[in-house]
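In what follows, a structure is listed as structure tokens, so that the remarks can point back to it.
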Number of protein chains: 2
Amino acid sequence: MADPDFAFDREALSRALELMGGKSEGGEGAPSMPAEMPELGLGGQATLDFLAPAVLGKASALGDATAFAHMDPPTPWITWATTLWNASVNQNLLHPATAPTAREIEHRVIDWLTPFFGMSGGHMVPGSTIANLTALWAARECAGVKEVVYGESAHLSVGKAAHILGLAARPLPCGPSGALVPKAVPEDLRHTALVLTAGTTSTGAVDDLSLCGRAAWTHVDAAWAGPLRLSQAHAHVLSGIEGADSVAVSAHKWLFQPKESAFVLFRDAARAHDAISFGGAYLAAPNVGVLGSHGATAVPLLATLLAWGRQGTATRIDALMAAASELASLILSHDQLELLAMPQTGVVVWRPKRTDLTEPLFAAMPPGSCSVTNLGGERWLRNVAANPNFELDAFATAMEVALRGLGIR
Amino acid sequence: MADPDFAFDREALSRALELMGGKSEGGEGAPSMPAEMPELGLGGQATLDFLAPAVLGKASALGDATAFAHMDPPTPWITWATTLWNASVNQNLLHPATAPTAREIEHRVIDWLTPFFGMSGGHMVPGSTIANLTALWAARECAGVKEVVYGESAHLSVGKAAHILGLAARPLPCGPSGALVPKAVPEDLRHTALVLTAGTTSTGAVDDLSLCGRAAWTHVDAAWAGPLRLSQAHAHVLSGIEGADSVAVSAHKWLFQPKESAFVLFRDAARAHDAISFGGAYLAAPNVGVLGSHGATAVPLLATLLAWGRQGTATRIDALMAAASELASLILSHDQLELLAMPQTGVVVWRPKRTDLTEPLFAAMPPGSCSVTNLGGERWLRNVAANPNFELDAFATAMEVALRGLGIR
């Protein structure tokens, strides 16, 4: 009963490529989706034509010259090609029998990445929220922790993981830049998991990683800034991370992967994996970590690292760090604007000195160029250096136009 | 600083398609992956050529005529095309600003699917393990449950979710077919989440869904059999599911999606979502459920349902149910083989009457045609009707050859 919809269809897939190539023209004509599931189908080709203006044309443009708002990067085409391959072979990494090569590729990419963090191994997960949950689950099992302490600027997933795991959650004060105040860390951490953040969401601050090892378990949430370890120029920003018990890194941020791609690493991976594994009658290998079956997200990650090498990856991250510094300098030199602090990991937080104009300025900037964040009850504009196509000149011009429109300068 | 690796590259992507088209020839020449991350990159094109024999050629062939071993289906090309689009636009569904259309598409596909299960809403997750964890988390918050009871044939993720959530886990006895023995369900379920399975992993059995509503919270793990609700011929197999408080369904099983695609639905979605939401200073909308940011897995699911309609989807599931029945009849009619039971949801469990030949027969069958499972301490062969390209004749011929080689008949 061979079904042609499950076969390689060169014409249909070429049409999908063509529609991608023309995506900048789309958007306006995007139809609304039917309110109910159709009883009869449109067929594959008509579905592509119907969906392209919405899925491609109306998507947020993360790779525009002025896009600098979020930790979500555009993605290199090598990840599109290999994600396409993944979808077509649909390997399930749960069983060696269903994913002979893809499992090997995941082990390989984890082997490549662990030395940068001083860890011994780990596994891939769909994002750092699951990575943080996995790490704190291991902390509960391996170190018997009863509570989790973390800077109040930590990602909300840290408190969420503690809540899910039935652990007490104790946020600690942070300084004005967003980093944990080291003196606020309790003396007695014998039953505590200490979570340190390398690159907070709001300001990109890095907690004092020399605190690693002070608690029964130290987890570093390096979702954002973790990839700086691949850069010879910036690895030192995360010095001390090698003293952690576990590390979370999002590959769909500064490693430019499509969502959902992240990894969790452990100093003693064999022990941690053993503590968070469940078996089953039908399983050739136990279920390691929170997920059961999972897909081959390691394939585009390995492909990217293979295509660029460590150096090509680091060059892109270094360029983004430089762009953030240059933007910060520009803001610093502007007598009507206020910079929160020089960026530590590519996050630039600033606002007009006339703070009543923060929201109007945000509204006047091109869509996707800025985001807003709350710090100490006040609104700030926030830029994140995640887009390798960013052009500071284009951004600066747009900013001048917006400022002039608001009567600033 | 426009980076060409982040641009649409027609030639490179066409080459990726070409390599897919020729994948059957690959495999033998697959190189091993470098032990360490390369310092300098190979470039994109060379990386595609290097990886294709491994990623495409050595992948487990889920769409072969004899492939009938696991709950992992081959995928239709419409999902490859739309997954490619997703990778290229990389929308993050956390923020309306970063995924204006993709968020709408997720809401729409959930709206399409909820009526089949009598639920009011829900959200997408990377698999039914996370769906089960999410549902039991909601049960803990909304109904204050302290323990989880479930048939001992339930998926291991149910016990795992209870463990993560700090809930007592109490497996109950199942009958020979794998379904929960209704009499074994405790009378007092006022502080209990009852998990019923629609399609157990080992045998595809469906628990008595008229038990829905007996406990403080009833969750139906319909990871495998959920999509039968789209079939007019087979929807009745899951009658009673509309009385559940939550339902988990894997779209990467009988809805033919690439991994990782699943959804969790709630009878009172507003209340459940409210109980499992976390906010953050930088968030325009709260984080609903276990994950933080997530990708646009609803796009290929909506595309598939749009291309096929309810009818085209149901036709494929119905054909697979028929194929499982025919295989079961074939085994039943063979005087040297034993069938566990007629399949309820497309899972066929059988073995040679000479049980010392079970493992040799498994080894003699084509790779990917059968799996093995343990039931009551004994080994059985297991087939799963997940592959629309399955050909019973090809399977029967391979089985005859294997049996003859073992001296059976």
Side-chain angles (χ1 to χ4, degrees), chain A residues 2-3 5-6 8-9 16-17 21 33 37-41 44 47 54-55 58-60 63 72 74-78 80-81 83-85 87-90 92 98 101 108 112 126 129 156-157 160 166 258-260 278 280-282 291-292 295 303 306-310 312 373-374 388-389, chain B residues 2-3 5-6 8-9 13 16 21 33 37-41 44 47 54-55 58-60 63 72 74-78 80-81 83-85 87-90 92 98 101 108 112 126 129 156-157 160 166 258-260 278 280-282 291-292 295 303 306-310 312 373-374 388-389:
Chain A
D3 184 331
D5 274 14
F6 288 83
F8 177 75
D9 183 331
L17 280 192
M33 299 297 139
M37 186 188 308
E39 176 61 17
L40 297 176
T47 298
V55 174
K58 286 181 77 180
S60 173
D72 304 297
T75 47
W77 67 257
I78 188 85
W80 315 350
T83 300
L84 167 69
W85 289 359
S88 78
V89 293
N90 197 29
N92 172 3
T98 51
T101 316
R108 195 50 58 111
W112 287 4
T129 289
L156 66 94
S157 61
K160 177 157 72 169
K259 304 196 82 68
E260 310 172 351
F278 275 69
Y282 66 100
L291 264 73
L306 212 47
W308 290 350
R310 186 207 59 76
T373 192
N374 291 319
N389 292 329
Chain B
D3 185 330
D5 274 13
F6 289 83
F8 177 76
D9 183 331
L13 292 165
M33 300 296 140
M37 186 188 308
E39 176 60 19
L40 297 175
T47 298
V55 173
K58 285 181 78 179
S60 173
D72 304 297
T75 47
W77 66 257
I78 187 85
W80 315 350
T83 300
L84 167 70
W85 289 1
S88 78
V89 293
N90 197 28
N92 172 3
T98 50
T101 317
R108 194 51 57 109
W112 288 4
T129 289
L156 66 94
S157 61
K160 177 158 71 168
K259 306 197 80 68
E260 309 171 352
F278 275 70
Y282 67 99
L291 265 72
L306 212 47
W308 291 351
R310 185 206 59 78
T373 192
N374 291 317
N389 291 330

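Because the structure is predicted, anything quoted here is derived from the model rather than measured. Here is the naming used below: chain letters follow the sequence lines, and residue numbers restart at 1 for every chain.
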Measure across [X] and [Y] and return the closest heavy-atom pair with its distance rounded to 0.1 Å.
| X | Y | answer |
| --- | --- | --- |
| Phe6(A) | Pro74(B) | CE2-O, 3.3 Å |
| Ala16(B) | Trp85(A) | O-NE1, 3.1 Å |
| Lys160(A) | Leu291(B) | NZ-O, 3.3 Å |
| Thr101(B) | Ala54(A) | OG1-O, 3.5 Å |
| Met33(A) | Arg108(B) | O-NH1, 2.7 Å |

Mind ranking [options] by heavy-atom pairs under 4.5 Å with chain B and telling me who comes out on top?
| options | result |
| --- | --- |
| Thr75(A), Leu40(A), Val55(A) | Thr75(A) |
| Thr83(A), Leu17(A), Asp9(A) | Leu17(A) |
| Gly309(A), Ala303(A), Ala307(A) | Ala307(A) |

In Å and rounded to the nearest 0.5 Å, what is the [atom1] to [atom2] distance from [X] to [Y]?
| X | Y | atom1 | atom2 | value |
| --- | --- | --- | --- | --- |
| Leu84(A) | Ser88(B) | CG | OG | 11.0 Å |
| Lys259(B) | Thr98(A) | NZ | OG1 | 8.0 Å |
| Leu13(B) | Ile78(A) | CG | CD1 | 9.0 Å |
| Asn90(A) | Asp72(B) | CG | CG | 6.5 Å |

Practice prompt. Side chain from CB out, backbone as N, CA, C, O: work out which of these in Glu39(B) comes under 4.5 Å of a heavy atom of chain A, or both, or neither.
Written response: both
Practice prompt. Please flag which part of Ser60(B) lies under 4.5 Å from any non-hydrogen atom of chain A: side chain, backbone, both or neither.
Written response: both
Discussion item. Is any side-chain heavy atom of Asp5(B) closer than 4.5 Å to one of Trp77(A)?
Written reply: yes
Worksheet item: Within the side chain of Trp80(A), is there an N or O that forms a donor-acceptor pair under 3.5 Å with the backbone of Phe8(B)?
Response: no
Worksheet item: In terms of heavy-atom pairs under 4.5 Å with chain A, which of Gly312(B), Pro126(B), Gly166(B) leads?
Response: Pro126(B)
Discussion item. Report which part of Ser157(A) has an atom under 4.5 Å of a heavy atom belonging to chain B: side chain, backbone, both, or neither.
Written reply: neither
